[in-house]
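Each residue takes its place number in the sequence, starting with 1. The structure presented is a predicted model; accordingly, all values stated were derived computationally and were not measured.
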Amino acid sequence: MPASPPAAAPAPAVLRDRLAAILAPLAAPEAPFAAYAAAARQLEREIAPHAAAAGLRPVRAFLARSVTVEPWLPFLCVEAVRAGFWLAITVGGYGSFIDELMNPDGALHSAAPDVVLFLPDREDVAGQLRALCAAGDGPAVVRETESAAQGLEDLLTACRRYSPRARLLVQGLVLPPEPALGAVADANQGYGEAWAVSQLNHRLAAVCRRLGDAVFFDQDALAAAHGRATWRDERMFRFSRVAVAAPRFPAYAAAMVRCLRALYFPPRKVLCTDLDNVLWGGILGEDLAAGIATGAAFPGNCYREYQLQLRHLAARGVLLAIVSKNDAADVREAFARRRADLALGLEDFCAVKIGWEDKAASLRALAAELSLGLDSFVFVDDSPVECEAVRRQLPEVLVLQAPAAEPWRLAPMLAACPAFDTLAITAEDRRRGQDYQAQSRRAALQQSAASREDFLASLQMVCEIVPAADAPMARAVQLTQKTNQFNLTTRRYAAAEIERLAQSPGGIALAIRLRDRFGDAGVVGLALCRMEGADCRIDTFLLSCRVIGRGVETALLWRLARQAQAQGARRLVGEFLPTAKNAPCASFYADHGFRSAGATADGAGRLYHFDLTAAIPPHPAWIQLGAASGGA
């Protein structure tokens, strides 16, 4: 009999519903180990074959370890799914981490993982420290600490050399709950055991920053939050080398996945907050400005702590917005009369939607106003009805329900949210709020301009086109990870990949900075190309949505064409790979004189050619090029 055809994959909606059903039993506090194990088995059986269709990002992970990890792996798999990953895990040999990290022909590098999880234990990387600290031998402690730190740095550097595409999660070491000298002596020695382990952690974090595409997992901070004395079950550690106590498995796995998430998912950009029983206590329409709770006294200090949390987010580039069903005049009065008690003023919010409209509609309007996708938004509201309405109508928006009856939990709830986690905060991030305020002034100027050309000329734009490595590199990586609307191929790259392309023969990696009369927008665009014979193939061409429509993309293309010509190219080859979000740049190549050349090899997009022997794309007359750009 002929073989039966393979069963069709379930529809994405069916998979998502099944995924929710599998995870539902784990919603209860302190779900038992058996529930996690059962969920992991079900996920492996039902979801793993269709992970992408279920909305999960497949990631191949290799665990290089010095301890036993198998008991908590079901927790890691489940928490990864909750965060949007499907982890296909290869576990390295017990205690084989040195060979695996440093041997180019070993199991780790042969596995070609997407990410390496390096999970050392203190006893295995600095085994002499405890004895040296017990003897009070300060110089020897310093030497041993430096030797161990250098050894760890060498391991990670080798790992990056032999697996340059793999990202890294590096687990820190837990400070000893009972130092060899005792807590009092150790704390008062110049070079105690706690000092030495802290130095090793600082060094590991520094190596992660130097290597790029690496995240330091601060296990000690997690252990301290739960109690270092109970973080490890000493009996189980001595019996089977399990380095984390079983009751801590869920928290440990969730914290590790939170770090992994920052390696793969860009942070959200906008926090939209309700006012009543969220930004302040009480209902403004009933309690009036004088009656709302905010300030130094309880419960107002709970809300003020939340306000401070918002201010901290804004300082690192998160845009703040208000979405509230209230009377606008009452809200203005409340901010004015209670200014001394509020940590924020209305001027700290880049957008405000106050009225009686449906909140989902207000969020849609905000997204259009800010030129951002709804998947960039986090919405905080105390009403379960409003929260559920937004979840149903706008599933892309992350909804946080404020604990109205327990306002002291409000700020910690926001702090625990991973949506704004990022590995690097760039200068562009820090001035994002100012950029959007400047954008409002540009919009007002545009309304009064006689023509588009007059408006663009009046902006007095100056562009600097520099190597991507000088962007700096953290910003170049950030652009590939976060830019969606004007991104012709939407390829996501790590720092090592951009560096490799830039340093390869015929590689071109350019970034463009922009400033105008209203401010400095920083690095807003990126082009990555490679020479293929007489062709210069444009692998990546993207622009921040904040500056679309000002000709900046044309200036970058002009500079790219000139450099390609200088390297011997006779033709530019561009690709447009359509996504759900990049329609704004669909006609970019056609608009700039490229000729359509049919479909890409896989049929996923279209190819475009530009003959450099005849001309190059023109430079926009209203943009001045800075000295670093090579001149027009």
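Ion pairing between Arg432 and Glu428 fails under the 4.0 Å rule for side-chain N and carboxylate O. The existence of a salt bridge linking Arg513 and Asp520 is excluded, since no basic side-chain nitrogen approaches an acidic carboxylate oxygen closer than 4.0 Å. Between Glu497 and Arg160 no salt bridge is recorded (no basic side-chain N to carboxylate O distance below 4.0 Å). With respect to Glu79 and Arg82, a salt bridge is recorded, a charged nitrogen being found less than 4.0 Å from a carboxylate O. With salt bridges taken as basic N to acidic carboxylate O contacts below 4.0 Å, none links Asp154 and Arg161. Salt-bridge check for Arg167 with Asp114: failed, with every basic side-chain N at 4.0 Å or more from each acidic carboxylate O. The existence of a salt bridge linking Glu406 and Arg409 is confirmed by a sub-4.0 Å separation between a basic side-chain nitrogen and an acidic carboxylate oxygen. Between Asp124 and Arg241, at least one side-chain N (NZ, or NE/NH1/NH2) sits under 4.0 Å from a carboxylate O, which counts as a salt bridge. Salt-bridge check for Asp429 with Lys482: passed, with a basic side-chain N closer than 4.0 Å to an acidic carboxylate O. Checked for salt-bridge contact, Arg130 and Glu123 miss the test: no charged N lies under 4.0 Å from a carboxylate O.
Using a 4.5 Å heavy-atom cutoff, the side chains of Tyr306 and Trp408 are not in contact. Using a 4.5 Å heavy-atom threshold, the side chains of Leu119 and Met256 count as touching. Side-chain contact check for Trp195 versus Val141: some heavy-atom pair is nearer than 4.5 Å.
Listed for the Thr68 side chain is a donor-acceptor partner under 3.5 Å among the backbone atoms of Ser240. Panel note: side chain Arg65, backbone Val67; a donor-acceptor pair is recorded below 3.5 Å. A distance-only check finds a donor-acceptor pair linking the side chain of Thr230 to the backbone of Gly227 [under 3.5 Å].
Residue pairs meeting the salt bridge (charged side-chain N to carboxylate O under 4.0 Å, His left out) criterion with at least one partner in residues 303-315, sequence neighbours excluded, are Arg311-Asp348.
Counting all heavy atoms, side chain and backbone alike, Thr157 lies closest to Arg210 at OG1-NH2, 2.8 Å. Scanning both residues, Pro250 and Tyr36, for their nearest heavy atoms gives CB-OH, 3.9 Å.
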Do any side-chain atoms of residues 177-191 form donor-acceptor pairs under 3.5 angstrom with protein atoms, and if so which ones, sequence neighbours left out?
residue	atom	partner	partner atom	Å
Asp186	OD1	Glu193	N	2.5
Asp186	OD2	Ala194	N	3.1
Asn188	ND2	Val184	O	2.7

Only distances under 3.5 Å count here; give the side-chain donor-acceptor pairs of residues 470-477 to other protein atoms, sequence neighbours excluded, each with its distance to 0.1 Å.
residue	atom	partner	partner atom	Å
Arg475	NE	Val523	O	2.9
Arg475	NH1	Gln478	OE1	2.6
Arg475	NH2	Val523	O	2.8

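Around the CZ atom of Arg165, the shell of radius 6.0 Å holds no more than 12 heavy atoms that belong to other residues, nucleotides or ligands.
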